[in-house]
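What follows is one structure encoded as structure tokens, with my remarks underneath.
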There are 2 protein chains.
Amino acid sequence: MSFNSTTNSLLKSIPALERKPTKAERTRAEILQAALDFFWSHPFRELTIGGLMSSTSAGRSAFYQYFEDLYDLTETLLRGLEAGILEVATPWFEGEGDPLPLLKESLGGLVRVCYERGPILKAVSDAAVSDERLEKEWNGFLARFDGAVTARIEQQQAVGSIPAFEARPVAVALNRMDAALLIEAFGSRPRRQPQPVLDAITRVWVSTLYSQTTQRSQ
Amino acid sequence: MSFNSTTNSLLKSIPALERKPTKAERTRAEILQAALDFFWSHPFRELTIGGLMSSTSAGRSAFYQYFEDLYDLTETLLRGLEAGILEVATPWFEGEGDPLPLLKESLGGLVRVCYERGPILKAVSDAAVSDERLEKEWNGFLARFDGAVTARIEQQQAVGSIPAFEARPVAVALNRMDAALLIEAFGSRPRRQPQPVLDAITRVWVSTLYSQTTQRSQ
DNA sequence: CTTGACATGTGACACACTGTCAGTATAAAA
DNA sequence: TTTTATACTGACAGTGTGTCACATGTCAAG
């Protein structure tokens with residue numbers, strides 16, 4: 001009754017240029033899909049090349065035709081995730097007009113994407129600590145958001161919608177909070193309810209950036 | 001001119017009951033110290049039992065007399081760190097009177113302790129993703145702070161010093177931000193300046209908890 | 001001291017996983 | 001079909017782990 005409906009979801013070929021995927025493309029997609037399925041029910045540490053490949057039609061050695069190692073594979077998943085997140089974050093990053101609704105829209109999109117692909121997020125961040133190369137990619141991924149948020153804060157500080165303070169450390173703080181919270185909430189089953197997570201994140205962002213605070217100095 | 005001044009810093013025996021440490025205690029302390037030294041200049045992933053023990057006076061197998069594996073050793077370091085942090089966090093958790101200065105004192109202490117022992121923090125959080133047992137300990141460690149912060153928020157919401165909202169998710173968000181930021185800032189050399197980190201953390205905590213926000217609803 | 005008993009440490013082993021390579025099978029092109 | 005390039009495989013060596021029987025060290029009682 002059911003069949004694997006997402007096997008080719010990773011190819012994302014441009015419809016116009018569609019053509020029969022070659023054997024190599026199919027095997028590669030099969031491996032990626034197997035990894036993805038795995039991450040929905042197991043942590044990264046339990047993944048081995050042998051185990052992964054035995055859930056595909058190819059033997060263990062075939063893995064090395066497509067990926068250097070498990071971290072390389074994981075990096076591929078990260079790239080897809082980054083694209084997805086960047087897309088939903090656009091409103092606040094680039095939108096015009098009242099920034100508060102834009103921020104809320106972006107945070108809502110972020111939570112939605114991470115709810116849908118939480119295990120990828122968790123797998124990547126787990127894997128990153130064990131591999132220098134992937135760790136750099138992961139840090140780069142985070143740093144790109146840090147940069148974008150910093151720029152946006154500074155731009156809005158210039159026009160007075162955000163109070164004056166050193167933008168980057170606050171941007172980093174907010175982004176790290178997002179990442180840690182989203183991983184914890186949606187990284188593995190059972191996932192938490194998205195709404196309270198969104199509410200908490202929104203509260204912290206909004207009060208940090210858009211509330212007229214009366215912070216007494218030291 | 002210099003000598004290893006901290007070799008026995010891990011024993012922490014009660015001064016009154018001091019007595020000559022047995023051979024086993026000395027070896028154990030030597031291993032812990034070697035690990036600590038290691039973490040100041042290398043990430044957890046580069047630690048192996050063989051490498052660790054070859055920087056001590058004992059052979060590789062002796063390691064297993066004292067620890068189950070590297071995660072067990074790392075757990076020992078976590079326990080010491082938790083004690084240190086709990087101590088400096090007391091003011092806001094338990095103090096009486098105007099909560100804002102208490103919070104600032106606690107956050108200041110937190111940043112100071114983590115600046116001093118950042119590599120431990122990073123080593124533990126790195127190691128945790130690779131080992132189920134240590135991961136549980138680490139989550140427990142975080143959860144204890146979540147609980148304490150949640151309780152404190154709710155108590156102050158009851159007396160009106162903090163606005164009404166669901167306390168736990170916000171507590172979790174703030175704690176995860178702290179952890180991620182402190183690890184990133186102080187987890188490995190070169191460490192960042194403590195002051196901007198403290199400022200950013202303080203800003204987020206204070207504006208989230210103690211500023212009269214005018215958050216427009218959705 | 002010397003002895004004995006217990007505490008501490010060791011070398012050698014089996015295991016699991018990794019990454020490589022020469023050679024084979026299979027798919028695609030001619 | 002034949003040819004050629006591509007995809008795949010099994011066997012191997014390497015690295016690190018954890019365990020075991022045995023060796024060595026320590027220290028108190030005789």
Side-chain angles (χ1 to χ4, degrees), chain A residues 7-8 10-11 13 17-35 38-39 42-76 123 126-135, chain B residues 7 10-11 19-35 38-39 42-76 123 126-135:
Chain A
T7 299
N8 49 7
L10 289 157
L11 285 177
S13 48
L17 299 177
E18 208 116 36
R19 85 225 117 108
K20 187 192 173 194
T22 166
K23 180 84 192 303
E25 286 167 332
R26 273 182 289 121
T27 306
R28 190 184 147 94
E30 193 188 353
I31 297 172
L32 280 167
Q33 187 59 45
F38 184 92
F39 289 142
H42 307 274
F44 180 85
R45 63 170 169 270
E46 287 171 14
L47 184 63
T48 68
I49 294 171
L52 175 67
M53 294 306 289
S54 71
S55 75
T56 72
S57 55
R60 190 179 67 85
S61 311
F63 177 87
Y64 296 96
Q65 293 273 327
Y66 302 99
F67 305 99
E68 291 218 342
D69 50 34
L70 292 173
Y71 306 104
D72 184 30
L73 179 156
T74 307
E75 191 185 321
T76 303
D126 281 1
V129 305
S130 302
D131 182 75
E132 189 171 352
R133 208 167 84 92
L134 183 57
E135 185 176 53
Chain B
T7 299
L10 288 157
L11 285 175
R19 86 228 114 110
K20 188 192 173 195
T22 163
K23 181 86 193 304
E25 284 167 333
R26 273 182 288 123
T27 305
R28 192 183 146 95
E30 194 188 353
I31 297 172
L32 280 168
Q33 186 59 44
F38 184 91
F39 289 142
H42 307 275
F44 180 85
R45 63 170 168 271
E46 287 172 13
L47 184 63
T48 69
I49 293 171
L52 175 67
M53 295 305 287
S54 71
S55 74
T56 72
S57 54
R60 190 178 69 86
S61 309
F63 177 87
Y64 296 96
Q65 293 271 328
Y66 302 98
F67 305 100
E68 291 220 341
D69 50 35
L70 291 173
Y71 306 104
D72 184 29
L73 180 157
T74 307
E75 191 186 321
T76 303
D126 282 1
V129 305
S130 303
D131 181 74
E132 188 170 354
R133 208 168 82 92
L134 182 58
E135 187 177 51

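Chain A is the first sequence line, chain B the second, and so forth, proteins listed ahead of strands; every chain is numbered from 1.
Note on A:S61: a base of the nucleic acid sits closer than 4.0 angstrom, heavy atoms only. Note on B:F63: nothing from the nucleic acid sits closer than 4.0 angstrom, heavy atoms only.
Taking atom CZ on B:F44 and atom C1' on D:dG16, their separation rounds to 13 Å, with Å as the unit. D:dT17 atom C1' lies 20 Å from atom CZ of B:R45, rounded to whole Å. Computed from coordinates, the B:Y64 OH to D:dC20 P distance equals 13 Å when rounded to whole Å. Per the geometry, CD1 belonging to B:I49 stands 10 Å off P belonging to D:dT19, to the nearest Å. Rounded to a whole Å, the CG atom of A:L73 is 12 Å from the P atom of C:dG19. A straight line from CE of A:M53 to C1' of C:dT18 spans 14 Å, rounded to a whole angstrom. Atom CG in A:D72 sits about 11 Å away from atom P in C:dG19, given to the nearest Å. One atom, CD of A:E25, and another, P of D:dT6, lie 13 Å apart when rounded to the nearest Å.
Side-chain contact check for A:T74 versus A:L47: every heavy-atom pair is 4.5 Å or farther apart. You'll find the side chain of B:F63 stays beyond 4.5 Å of the side chain of B:T56, heavy atoms only.
The aromatic rings of B:F44 and B:Y71 sit tilted relative to each other, their planes meeting at an angle between 30° and 60°.
Between the B:R60 side chain and the B:I49 main chain, no donor and acceptor come within less than 3.5 Å of each other. A:E25 places a side-chain N or O within donor-acceptor distance of the main-chain N or O of A:T22, the cut-off being under 3.5 Å.
Considering only side-chain atoms of B:L70, the nucleotide from C:dT10, C:dT18, D:dT17 that sits closest is D:dT17. Checking C:dT18, D:dA7, C:dG9 against the side-chain heavy atoms of B:T27 singles out C:dG9 as nearest.
When each of A:R60 and A:Q65 is assigned the nucleotide of DNA chain D with its nearest heavy atom, A:Q65 is the one assigned upstream, toward the 5' end. Nearest-nucleotide positions on DNA chain D place A:A58 closer to the 5' end than the other of B:G50 and A:A58.
Here B:K23 reaches the OP1 or OP2 of C:dG9: one of its side-chain N or O atoms lies under 4.0 Å away. Listed pair A:Y66 / D:dC8 meets the phosphate criterion, a side-chain N or O lying under 4.0 Å from OP1 or OP2.
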